[in-house]
Amino acid sequence: MPTQNYEPLPVRPQVTVIQGVLWDMDGTLLDTEPHWMAAEANLVAEFGGCWSHEQGLELVGKALPDSAAALQAAGVQLSTREIINRLIDEVAAGVAEHVSWRPGALELLAELHAAGVPCGLVTMSEEPLAKLVLDQLPEKYFNFRVTGDMVAQGKPHPEPYLLGLKMLADYVPDLEATRVIGLEDSAPGISSAAASGITAVLVPHLSEVPSSNAWHRVDSLSSLTLPTLDALLTVTSRA
């Protein structure tokens with residue numbers, strides 16, 4: 001038997017049981033909701049209608065075609081595509097001028113990146129706005145993104161997160177949905193994440209979201225670290 005002339009590589013300790021983290025964008029990664037709500041109100045006003053703050057809150061987290069339908073019902077006489085384009089253009093202008101990251105978002109992204117945990121974006125915003133947002137990040141933290149124009153059914157349907165899981169599987173062998181964290185701030189978003197089978201974590205922002213056994217709830221991303229996320233997976237596995 002030949003003599004080995006090298007030292008075997010040390011086994012790298014497993015620092016986390018998390019296989020991936022899927023992030024919502026608007027209201028979770030950064031605070032774009034005021035831009036969306038202002039754009040909606042401006043568009044309704046342009047056509048002589050009225051749009052309340054409460055109506056704006058009802059659209060938080062919803063797919064853009066659903067938002068367009070609500071604006072049409074409020075008197076906006078444009079096609080669905082025209083409404084979506086107008087909204088995205090106004091929000092993009094606001095993001096280009098200033099990005100307000102949600103508290104703890106950049107710190108958590110950096111920690112996940114350092115630990116080698118792949119991250120994906122799952123947003124109902126379309127590709128141009130998602131790219132603009134991710135280009136503002138200090139590092140390339142996201143391995144891939146799912147945008148609203150990539151799915152037939154938006155949140156609260158699970159399709160966006162199911163597609164996210166499919167894309168994450170390209171980076172993670174033997175992927176288990178329950179070992180994937182989904183971070184959301186809205187009722188449609190957290191419902192979508194939970195329905196996909198991942199471990200859904202609600203970080204509430206502007207809109208009220210009822211409590212549910214289908215998801216965990218934390219007050220801020222600032223309270224989340226690798227150990228606390230691991231603990232949530234442990235709780236989920238015991239449920």
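Not measured: the values here are computed from a predicted model.
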| request: Sequence neighbours left out, what passes side-chain hydrogen bond (donor to acceptor under 3.5 Å, both in side chains) with Ser192? Give chain and number order. | output: none

| Any Met124 side-chain heavy atom under 4.5 Å of Asp26 side chain | no

| field | Enclosure of Gln77 CD (heavy-atom neighbours >12, cutoff 6.0 Å) | value | no

| field | Asp24 CG to Thr123 OG1 distance, which is reported to the nearest 0.5 Å | value | 6.0 Å

| Can you list the residues that meet the side-chain hydrogen bond (donor to acceptor under 3.5 Å, both in side chains) rule with Glu176, with sequence neighbours excluded? | none

| request: Only pairs at least two apart or in different chains count here, so list each salt bridge (Lys or Arg N to Asp or Glu O under 4.0 Å) that has a residue in residues 197-223. | output: none

| Considering all heavy atoms, the nearest Ala130-Leu121 contact | CB-CD2, 4.2 Å

| said: For the backbone of Pro204 and the side chain of Asp185, can you confirm whether one donor and one acceptor N or O come within less than 3.5 Å of each other? | reply: no

| field | Pairwise salt bridge (Lys or Arg N to Asp or Glu O under 4.0 Å) hits with a residue in residues 71-83, at least two apart | value | Arg81-Glu126

| For the residue pair Ile84 and Pro65, what are the closest heavy atoms and their distance? | CD1-N, 4.0 Å

| request: I would like to know whether Leu109 and Phe142 meet side-chain contact (heavy atoms from CB on, under 4.5 Å); could you show each step before the answer? | output: CA-CA 9 Å; Leu109 279 169; Phe142 285 89; 3.8 Å; yes

| query | Quick check: does any side chain N or O of Arg179 sit under 3.5 Å from a backbone N or O of Leu233, one acting as donor and the other as acceptor? | reply | no

| query | Parallel under 30°, tilted from 30 to 60°, perpendicular over 60°: which one fits the rings of Tyr171 and Phe144? | reply | parallel

| task | Can you sort out the partners of Ala194 under side-chain contact (heavy atoms from CB on, under 4.5 Å), two or more places apart, ordered by chain and number? | result | Ala200, Ala214, Trp215

| note | By side-chain contact (heavy atoms from CB on, under 4.5 Å), Pro210 pairs with (sequence neighbours left out) none

| said: Using the rule that Ile, Leu, Val, Met, Phe, Trp and Tyr join whenever any side-chain heavy atoms are under 4.5 Å apart, tell me whether Val201 and Val17 fall into a single cluster. | reply: yes

| Partners meeting side-chain hydrogen bond (donor to acceptor under 3.5 Å, both in side chains) with Thr147 (sequence neighbours left out) | Asp149

| field | Side chains of Thr32 and Met25 in contact at under 4.5 Å (non-hydrogen atoms) | value | no

| note | Distance col, row Leu229:CG vs Thr16:OG1, nearest 0.5 angstrom, shows 7.5 Å

| query | What is the minimum heavy-atom distance between Ile181 and Ile198, and which atoms define it? | reply | C-CD1, 4.3 Å

| query | Side chains of Leu29 and Leu134: does their closest heavy-atom pair fall under 4.5 Å? | reply | yes

| field | Stepwise side-chain contact (heavy atoms from CB on, under 4.5 Å) test for Leu226 and Leu112 | value | CA-CA 7 Å; Leu226 274 178; Leu112 294 169; 3.7 Å; yes

| query | Among the clusters formed by ILVMFWY side chains lying less than 4.5 Å apart, do Leu168 and Trp23 turn up in the same one? | reply | no

| Inter- and intrachain pairs under salt bridge (Lys or Arg N to Asp or Glu O under 4.0 Å), touching residues 31-53, at least two apart | Glu46-Arg86

| task | Kindly write out the residues that satisfy side-chain hydrogen bond (donor to acceptor under 3.5 Å, both in side chains) with Ser223, not counting sequence neighbours, or none if the list is empty. | result | none

| query | In the single-linkage hydrophobic clustering (I, L, V, M, F, W, Y; side-chain heavy atoms under 4.5 Å), do Val180 and Val151 co-cluster? | reply | yes

| request: Provide the closest heavy-atom pair for Pro158 versus Ser196 in the form atom of the first, atom of the second, distance. | output: CB-N, 3.9 Å

| field | Hphob cluster co-occupancy, Leu163 + Leu22, side-chain heavy atoms under 4.5 angstrom | value | yes

| query | Does Gln72 reach the side chain of Ile83, with side-chain heavy atoms less than 4.5 Å apart? | reply | yes

| request: Decide yes or no for Leu183 and Leu224: does some side-chain heavy atom of the first lie under 4.5 Å from some side-chain heavy atom of the second? | output: yes

| task | Assess whether side-chain contact (heavy atoms from CB on, under 4.5 Å) is satisfied between Leu71 and Phe47, documenting all intermediate values. | result | CA-CA 10 Å; Leu71 295 177; Phe47 285 86; over 6 Å; no

| query | Under 4.5 Å between any side-chain heavy atoms of Arg145 and Glu127, yes or no? | reply | yes

Per-pair distances, 0.1 Å, donor-acceptor, side chain in residues 50-64, under 3.5 Å, sequence neighbours excluded:
from	atom 1	to	atom 2	distance (Å)
Ser52	OG	Gln55	N	3.1
Ser52	OG	Gln55	OE1	3.3
Gln55	OE1	Ser52	N	2.8

| salt bridge (Lys or Arg N to Asp or Glu O under 4.0 Å) against Lys166, all qualifying residues, sequence neighbours excluded | none

| query | Under a 4.5 Å side-chain heavy-atom rule over Ile, Leu, Val, Met, Phe, Trp and Tyr, are Leu202 and Val218 clustered together? | reply | no

Enumerate donor-acceptor pairs with a distance under 3.5 Å from any side-chain N or O in residues 89-106 to protein atoms, sequence neighbours excluded.
from	atom 1	to	atom 2	distance (Å)
Glu90	OE2	Asn42	ND2	2.7
Arg102	NH2	His205	ND1	3.3

| query | Should Met37 and Leu206 be marked as a side-chain contact (heavy atoms from CB on, under 4.5 Å) after you check the CA-CA gap, both sets of side-chain angles, and the distance that decides it? | reply | CA-CA 11 Å; Met37 294 172 74; Leu206 292 181; 4.1 Å; yes

| task | Kindly give the heavy-atom pair with the smallest separation between Ala187 and Ser191, and that separation in Å. | result | O-OG, 2.8 Å

| said: I want to check something: taking the side chain as every heavy atom from C-beta on, are Val21 and Leu108 in contact at a cut-off of under 4.5 Å? | reply: no

| message | Minimum heavy-atom separation for Gln153 and Glu159, please, with both atom names. | response | N-OE1, 2.8 Å

